[in-house]
Chemist: 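Just dropping this structure here.
Throughout, protein chains are lettered first and strands after them, A, B, ... in sequence-line order, and every chain is numbered starting at 1.
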Amino acid sequence: MNIQLQILDCDYTLLNGKPIIRIFGKTMKGETVCVFYDKFRPYFYLHTTEDLDSIMFELEKNDLNVEIVDRIIPIGYQEPVKMIKITGKDPSKTPELRAFVKKFGQPYEADVLFKYRFMVDLNLRGMEWIDVKGNFRKTTTVKCKAFEAEEIKPIEILENAPLKYLSVDIECLPLEDRVATPDKDPIIMISLAFSPEHRGMKDVVLVSRLNKKESGVINCSNEKELLEQFYKIVNEFDPDFVIGYNINNFDFPYLIKRMEVLKTKRDFGRSEKNPFTHKMPQKEIPYLSGRIVVDAYDIIKRDPWVKFKRYNLGTIAKEMLGEEKVQMGGPAEIGELWTKNNLEKLISYARKDAELALKLVIQKRLLDKFFQLAKISGLLLQDSFGGQTQRIECMLLHVFRDKKIVMPLKSDAAELRKRNEEREGYGLKGALVLEPRTGLHNSVLVLDYKSLYPSLIKTYNICPTTLLTDNKNIEYIETPFKTKFVTKNIREGILPLLLRKLIDTRVKVKNQMKIESDPEKKRVLNAKQLALKDLSNSMYGFTGYIRSRLYVLDIANTITSYGRETITKTKKMIEENFPVEVLYSDTDSVFIKTNINDLDELKSYGQKISEFVTKQNPGLELQFEKIYKTFLILSKKRYAGWSFETDNGKWKDNVEMKGIETVRRDWCTLTSDIMMEVINTILKEGDVKKAAKQVREVIIKLSKGVVPLEKLSIVKGITKPLEDYDGIQPHVELAKKIIKRDPTRKNIVGERLEFVIVKGNQLLSKRAEDPTFVKEKGLEIDPQYYIENQILPPLERIFDVCGVSSSELMEGMRQQSLMEIFNGQKPKISPEETVLNAFESVVCKNCSFSFRRPTLNGLCPTCNLPLYFSYAGSIGKIIDPSIKL
DNA sequence: GAGGTCCGGGG
DNA sequence: GTGTACGGACCTC
């Protein structure tokens, strides 16, 4: 008979020293099935320059199955060579075998995980569907139905099987004055949330104490029973996904340790595999066979597109779901509520946390992109949460197999050392970032190359497999880095081929998206195109990543050098053919200053420039990206702009900031507020003087002590016992004071302390105080600290490039009394005498014509009258034009 | 700015 | 499990 399954997980077990592959999957009806397959053996390749026959003889003597095959070595363009394919019996013995055969030559693919060896060979991919021929059979080794396979084939089904999600959150009780440690401190509650409902429940809280009966709560007589109940429910519900918030780093390791301590069953995966964490030097990663562990925290934190100030569940739930956690005054309150048997709040707190983690994953569709990454790359979903390297490796393995190319081993310590040394001497030169013309500018166009590196790889056939290392008489392209690659006519590189497929598919998917009306299907398509984009963009990094299996520094350097050449040429081409100036450029984008004010006109001008450049650059496409009506650039990678982009034909504006942090953990909200205010004034009103005034007003408010304490408090966490801190830090000193004042508050490790700096003669760090304490005692804050450490440092650079020095910004602050500054006016300077130290343009006051650079004789070409420098709305002389030219 | 170190989330 | 985290912020020189 045949069954069809969606692949959730894959591993193997040994039976009589032989491996049996297990594929855990789900049928369209929602049945969990484990497919057993015993016809697959571990193997790898050996390349040697010695006599093949004698080595074969030697290997056969050791009871190994050997065969001579033709394979291509991927680094450097070359023809296939003879290799020995060595087939073993037990995958776990492969490292031994690999070490043994190293004396005969170079092994290939001898460190590919057995499950992936199998999946690649049968062309199977995580979350994809398989059609299996075979029969159901009885087994006790897995907890679901078992199916003995004769034949396994991939099939194309777009839908997902019905999947089940379980969210888990534990609460524990620190017994002593320290963070909860699993070898000593008990778990008091386990909260579970189900999707779909389990026996009519959408959630349940397990409590390790007998208490009054309540719906949605299961009382257990002790912690051991609590763990047993948990085990029972997980197996009954049989989830495909086990979800949590920071579950990888906290809940799971803690649970496992407690189960060990209390000697309860721990195999809550779908097989009886017992230790279900991989022990790694510094970290254990939970792994449940047959299920997928999903840590919402991990996924949200790693999203490169959305950044949050903090990643605790409270902040994330509020920002992403608009929901609040149940308020709890830290671990101390948990202990207190538990001791006083006041469980109502504690239960709702636990219940809410599991619910929030579940909602994040399901409502925010956190898994969509990973489903697609698994389907495209071939990784199991569980492994798709990791880094880019594994994804590329897996994709390459699939293509390499088709093309009879072998995958090199991962680098060992010696190889890594060598690469590190090579890097130091030889280096990997990155992208080109041009020195910007700092200051405030108007009417700036942003054009950029869409996927520059992937396009370059495709266009120039850049790949380890096409790199020409010796002088063969063959058709090739020489790159600006002086490396040579054979042309596509000779052999299409694997990276170019993969990228071509990824990019073409992405175009197709995006077109499908446009005509798709079903929002559900559209969402899946969108996840797919995002996954394709992620994969295309990470291809370049693979050749330059130090632990890469295809580490070829020359290739990484070739790509970046092509990038640098492209952007340099682009700038030149634009400035030579259009009356504009390229203000700044980073990697694949150019910022162009124009004299056009109308948005639509600017856009079509931008398009005209990009078309012009694109025409002269085969394989590459420069695109109009957006307009900055005003653009303030401080330095490389640090700028702000008032952006205008079209959305369905309408202009949408936004104040954007890149590299300028307005929000930082170690800044108080007053700092963030004033930075935002200043940048907005400068960008939207073009009024630097007004912005400076806004700063002076804040300084005056600080001096008068009228700024609310909430705006001045800084938050820092106590992460370790106080005696372990070396230097003196404000929040640590405050912690000491707090304990001195209130000895019952011993458990301060792990708490986040809020503090303000107050006036006094002591060292700064000794003057940190709790805001509530400051209010109670009527203490005064230290304005000098806030001005010098919180207000001025982030603002100085902004005003500096706008031509206002920090002494001007603080003008008179030290000499005059505060009231005088508050009321006083700056002396008036006639426009002709204004001194500027940067300029935007040169203007003629007579005909109002403006130029980008001064004329040679300093006179207006039409009126023959002296020209003036214009900057941020004022006209005047320039202090030292050579600096800014 | 290069290089080294600490830290995150969780209770 | 054919294994051995990671990326960013911060500090120091």
Chemist: Heavy-atom contacts under 4.0 Å between residues 345-361 of chain A and DNA chain C, which residues?
Modeler: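 Residues of residues 345-361 of chain A under 4.0 Å from DNA chain C: none.
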Chemist: Could you work out the separation of B:dG8 and C:dA5 based on their C1' atoms and round it to a whole Å?
Modeler: 13 Å
Chemist: Once ring-ring contact (aromatic ring centres under 6.0 Å, His included) is applied, do any residues pair with A:Tyr545, and if so which ones, sequence neighbours excluded?
Modeler: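 None.
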Chemist: Quick one: which residue pairs count as a side chain to side chain donor-acceptor pair (under 3.5 Å) with a foot in residues 292-306 of chain A, not counting sequence neighbours?
Modeler: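 Qualifying pairs, neighbours excluded: none.
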Chemist: The side chain of A:Asn246 is closest to which nucleotide in this list: B:dG11, C:dT2, B:dG10?
Modeler: B:dG10
Chemist: Would you say A:Lys410 reaches C:dT2's phosphate, i.e. side-chain N/O to OP1/OP2 under 4.0 Å?
Modeler: no
Chemist: Using a heavy-atom cut-off of under 4.0 Å over every strand shown, decide if A:Pro42 touches base, sugar-phosphate, or nothing.
Modeler: base
Chemist: Quick check for you: among B:dG8, B:dG10, C:dT2, whose closest atom lies nearest to any side-chain atom of A:Tyr297?
Modeler: B:dG8
Chemist: Quick one: ring-ring contact (aromatic ring centres under 6.0 Å, His included) partners of A:Tyr551, sequence neighbours excluded?
Modeler: none
Chemist: Can you see if the side chain of A:Tyr311 gets near the phosphate of B:dG10 - specifically, an N or O under 4.0 Å from OP1 or OP2?
Modeler: no
Chemist: What's A:Asp251 touching, base or sugar-phosphate or nothing? Going by heavy atoms closer than 4.0 Å.
Modeler: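 Nothing, no nucleic acid heavy atom in range.
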Chemist: In whole Å, what separates the C1' atom of C:dG7 from that of B:dG11?
Modeler: 25 Å
Chemist: Determine: side-chain N/O of A:Arg310 to OP1/OP2 of C:dA9, distance under 4.0 Å, yes or no.
Modeler: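 No.
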Chemist: Using atom CG of A:Asp121 as one end and atom P of C:dT2 as the other, report the distance to the nearest whole Å.
Modeler: 15 Å
Chemist: May I have the list of side-chain donor-acceptor pairs in residues 243-255 of chain A shorter than 3.5 Å, sequence neighbours left out?
Modeler:
{"from": "A:Tyr245", "atom 1": "OH", "to": "A:Tyr311", "atom 2": "O", "distance (Å)": "2.5"}
{"from": "A:Asn249", "atom 1": "OD1", "to": "A:Lys283", "atom 2": "NZ", "distance (Å)": "3.1"}
{"from": "A:Asp251", "atom 1": "OD2", "to": "A:Ile170", "atom 2": "N", "distance (Å)": "2.9"}
{"from": "A:Tyr254", "atom 1": "OH", "to": "A:Asp185", "atom 2": "O", "distance (Å)": "2.9"}

Chemist: So, using ring-ring contact (aromatic ring centres under 6.0 Å, His included) as the criterion, who are the partners of A:Phe400 when residues are at least two apart?
Modeler: none
Chemist: What contact category does A:Ile170 fall into here, base, sugar-phosphate, or nothing, at under 4.0 angstrom with non-hydrogen atoms?
Modeler: sugar-phosphate
Chemist: Once rounded to the nearest 0.5 Å, what's the spacing between atom CD of A:Glu393 and atom CZ of A:Arg547?
Modeler: 11.5 Å
